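First comes the structure, then the notes that go with it.
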Amino acid sequence: MKTNSLRAQMLTLSVSTVLITALTILSAFWWTTSNYTQQQVRVHIDSALKVFNQFLESRQQQLFISAEVLTSDFGFKQAVASRDNATITSALLNHGQRINADLMLLIDLEGDIVASSDETGAPGTPFNHPLLIQKTLDAGGATSFVQLGDTVFQIILLPVKAPLTIAIAGIGFRLDLSVVQHLRNLSGLNVTLISTGQGIPVTISTLAPETQPSALKSPSEVARAALLPFHQQQHFSSHKLNLESHNDSSVDVVLTEHLDEAYADFNRLGWNILTISGVTIILAILGSLLFSRGMTRPLNTLVALAEKFAKGQYIKVHTPSSVTREIGTLMNAFSKMGSEIEKREQHITYQAMHDPLTGLLNRATMLERINLLTNETGAPFVLIACNIVGFRIINDNFGPTTGDFCLRAVAQRMTHFGEKHPLLAARVSGDEFLIAISHHAEYSEQLSHALMEHLSSPMTYGEIIFTLNFRFGISRFPDDGNNASVLSRRTSIALDAARKEQVSLRHYKEGEDDAHLLRLKTISNLKQALNSDDGQLFMFYQPKKNLVTGRIEKLEALIRWIHPQEGFIAPDYFVELAEQSGQIDQLTDWVISQVLKQLAQWQQSGLSIQVAINISAHDLERESLLNNVTHQLSDLGLPHHSVSFELTERDMMQNADLAIELMGRFKKQGFSLSVDDYGIGYSSLSKLKQMPVNELKIDKSFVLQLDQSESDQIIVQSTIDLAHSFNLKVIAEGVENQATQEVLKSMGCDYIQGYYLAKPMAAADVAQWISNHEKSISTLSA
Amino acid sequence: MHALRNRVSAFIAHIFLLASLSVQAADYYFIVEDGSGRPLANTSISAPAEAHSISAETTSPQVSDRPAIMDQINKTFAPGTLAISSGQRVRFPNSDNIRHHVYSFSPAKPFELKLYSGTPEAPILFDTPGVVVLGCNIHDSMIGYIYIANSHVYTLTNTQGIASFKDITVIDTIHVWHPSLSPDAQTILELKLSELPQQTLNNETYFVIRITPNTAPIAPKKTFKNRLLNHENK
């Protein structure tokens, strides 16, 4: 089990609780019990001492009484006074027997034994306790423990008064094993009597001989450390009591407590506690296992449930009644959470799939659904890209609330239409919708028209009645594609075409997509070509001839592109694409830098010529263009008049006033400007008058068949006259034969440009061509 | 009483002296002090027997017939010390209304008398000079002394420690006795007068006798017995 599992933790908790409790109890128990045992021993010894003292005292009392009886006896007094040893001895013995004394002595006032019942005290020998004698005489009596021979006696000495003290009588009781054993019985302690210094040491003990030495040496206090459970170190506790000591002799009694029993009790209790603890631990383990199982099972259920939730399966969970309240609450909360999440998920999914404003599908979902239709059912349908014409105007004029209303109304109508003709509808952008309608036998165009009619019927918002106009771009499944991305792209192409062609309903035409894709590809290639500048883009130059002098003074710079893979790409095509895709800036700049570099090269080689660069209205508006050109010219050391710019009439007239101003800047810098493709745009003559241009270029459409077309001749002539009247030069482009050239010459046209003169050529060929041309002119004039 | 008797004896002796006219007579004054210089009463002083030969015919019948009295009053011997001459009798009347069992183990006269109140006993003859220590078997605290002089010349000092012999034959030694002289109270000092210090008092010359006690106080206040019993009562 890992240590951080619930089960392990609970187990650890319960076991450690029991262990700690048990250990605490054991230590507390040990502490108190050892205290208690110490105290017990102390108390025991104290009480034993009291008993012992009491016993000795009462014996003393008894001795005294007996002795007194003896010494008060008249007959005894008489015997003593008689000084007859035999009489005295017999009296002693007799009286001794009366009182069960073990020793009878009569001692004279000099301290010598007169008579004795014991053989150790021979008459005439001194009684070896002079202090006792003195005490008896001084205090009227004495009691002591004395050793005579190898026996210890408790004796009383009393004076024999007749009526003055004539002798001292001594009565003694033997202290032997029976006394000691009696004491043991009374006190409960082992008793040892030790007499030293009065001859051979005497020891009388209730202890067994082998334990005596250690027992007697043992301390009177029970050391606490000695009372460690199951580790008994101190077996005895002894307390010495001194009964008598004179100089170097002493009689002591040692009371010894045998600790084994205390220990036995102690150990027994200890074992009990250990056993109980052991059992409790086992129970605790079982209990905690059970309990933790009760906890972990529902938790595991919840874990499994959580995993299901994670996968998005919001299963309802049933809370069993056997779980704890908290677990039950948790499980209920889980359930609720699951259903809430499910609801939210559904809501989010809905929102993810639908357009919030109209409730229609959104683009991504629509495409998915379309794919479903294409993949699964295979049933034919039309895909309509629907756009509201002029919706922005409504939004701007009536406010976005109105706009929103219109959108919602349109969506509703679609849905309504869908009741009869099952359809999928989506709002893919601001005012653009995508509708897929399956058609079975009905012709799709009819269906589309029916839808348009339905949508176009007037709608009322407040007090305003709207009639919306729509544009449809339509593609068909399976004819125009078999998956959503192709179909939607083609539908968009169709819609774009509808916009361009200004029709309300336009089907996708085959190949348009390809053309569209080609355009996209070309744009991408152009970007790459411009960035890499690896030579796939290059400049051709077409000479312009001065009709009067016949000399070549100007060239038109024309861009050419030969793509490594795609090959030749028509300039009109890719330039228009550049304008649409926002690459025109980069393209124009590139052209300018190419041309200028080329000009610099020509100048170095002695060719001084003006090159015309085509620019768009957009280029005109760019401030950086002008600066760029002037900088480069100055860097290269070229005069401003070496470059001129051609701008189409159409571009000029797009925003004529702005064009006039911008062109003015060019003019100020000293650049020539030409109006390109003149005659086919929407020029206003008044504006033309204001244009700061130098030259008009007559569009080739008028020039191509000039020699044969009278109407063209009239136009051209009047154009030339008009231009001249504005002080503008004229150049005709598209001159393809000599006849046309002659016509133009006669009309007074200033310059010509065209295949008759020269096709656009590479820069490298220009110098040579010009020199050849010069030669031919001189030959002609010669 | 004793003094009177002494005086009478002395007077009679003096008459004898006058009658014989052959023997010299003198007065002797004595003062007895204890070890600390205090006067010691009830000290017996007697002239030794050699100084006066006492023949049977010179023995005064009055003297030898009249018994001395050692009474028992209030559980005490009265007098505490009685001085007699040997050959004298002593009566023990027992004036208490309780029984006394008087005894003596003294070598001079061992005897015992069970004395009942009101039942007189015959007087006891003390014919050996020495000291008799009297005790009562019933009452341990009763102690009395009888000093038996071996002459008719004897006296006891008074409370001032003073005693005197008047008009006796010249002597050069005296016997002095006090219970404190020995534990068994049997020791009698024989002192040479010439060795005694003298002291002049009231125009008389006193022989100063110093007696140093040779025993513990006879009746200690706290007996061994009391102590033992007290111990028991604690």
Side-chain angles (χ1 to χ4, degrees), chain A residues 50 53-84 87-88 108-111 132-144 154-171, chain B residues 72 75-77 80-81 99-114 131-146 178-187 213-234:
Chain A
K50 287 199 186 96
N53 281 328
Q54 191 65 36
F55 176 77
L56 289 176
E57 263 178 47
S58 69
R59 250 170 81 108
Q60 248 176 14
Q61 294 254 291
Q62 197 191 344
L63 279 179
F64 172 75
I65 290 164
S66 306
E68 227 192 9
V69 161
L70 178 73
T71 54
S72 312
D73 186 68
F74 189 71
F76 185 68
K77 286 188 201 180
Q78 218 170 21
V80 171
S82 73
R83 297 180 189 278
D84 178 35
T87 313
I88 292 168
D108 68 16
L109 298 177
E110 271 80 54
L132 288 173
I133 305 291
Q134 194 56 50
K135 194 174 166 198
T136 310
L137 293 173
D138 292 341
T143 177
S144 182
Q154 183 179 17
I155 61 166
I156 289 239
L157 298 173
L158 282 177
V160 181
K161 291 201 166 158
L164 296 173
T165 306
I166 55 172
I168 293 166
I171 296 128
Chain B
Q72 298 82 53
K75 292 186 251 179
T76 14
F77 286 110
T81 307
R99 183 174 137 207
H100 289 293
H101 181 188
V102 177
Y103 68 92
S104 163
F105 296 128
S106 305
K109 184 71 186 183
F111 73 95
E112 59 177 310
L113 271 183
K114 294 194 176 101
V131 178
V132 167
V133 182
L134 298 170
C136 173
N137 199 33
I138 299 166
H139 307 99
D140 291 334
S141 58
M142 285 175 70
I143 304 177
Y145 302 96
I146 302 178
H178 190 266
S180 66
L181 281 168
S182 62
D184 59 0
Q186 296 287 325
T187 306
N214 187 20
T215 180
I218 291 167
K221 283 225 165 107
K222 203 168 181 192
T223 61
F224 174 70
K225 175 180 171 182
N226 290 348
R227 263 196 300 119
L228 205 63
L229 289 174
N230 281 346
H231 210 60
E232 181 206 17
N233 290 338
K234 278 182 199 149

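Computed over heavy atoms, backbone and side chain alike; hydrogens, waters and symmetry mates excluded. So that the names make sense, note that chain A is the first sequence line, chain B the second, and so on, each numbered from 1. Note that this is a predicted model, so its numbers are computed, not measured.
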Next item on the list: Answer whether the closest heavy-atom distance between the side chains of B/Val133 and A/Pro163 falls below 4.5 Å.
Entry: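 Of all side-chain heavy-atom pairs linking A/Pro163 with B/Val133, at least one is under 4.5 Å.
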
Checklist line | From B/Asn137 atom CG to A/Gln78 atom CD, the distance as rounded to the nearest 0.5 Å | finding: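 The CD atom of A/Gln78 is 9.0 Å from CG of B/Asn137, to the nearest 0.5 Å.
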
Item checked: Spatial distance of atom CG (B/Asp184) from atom CD1 (A/Ile166) [nearest 0.5 Å] ->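 The distance works out to 10.0 Å.
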
Notebook entry, point to check: By a 4.5 Å heavy-atom criterion (distance strictly below it), what part of A/Ser72 contacts chain B: side chain, backbone, both, or neither?
Noted result: backbone

Note to self: In terms of relative ring orientation, are A/Phe74 and B/Tyr103 parallel, tilted or perpendicular, with 30° and 60° separating the classes?
What the structure shows: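 If you compare the ring of A/Phe74 with that of B/Tyr103, the planes turn out perpendicular.
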
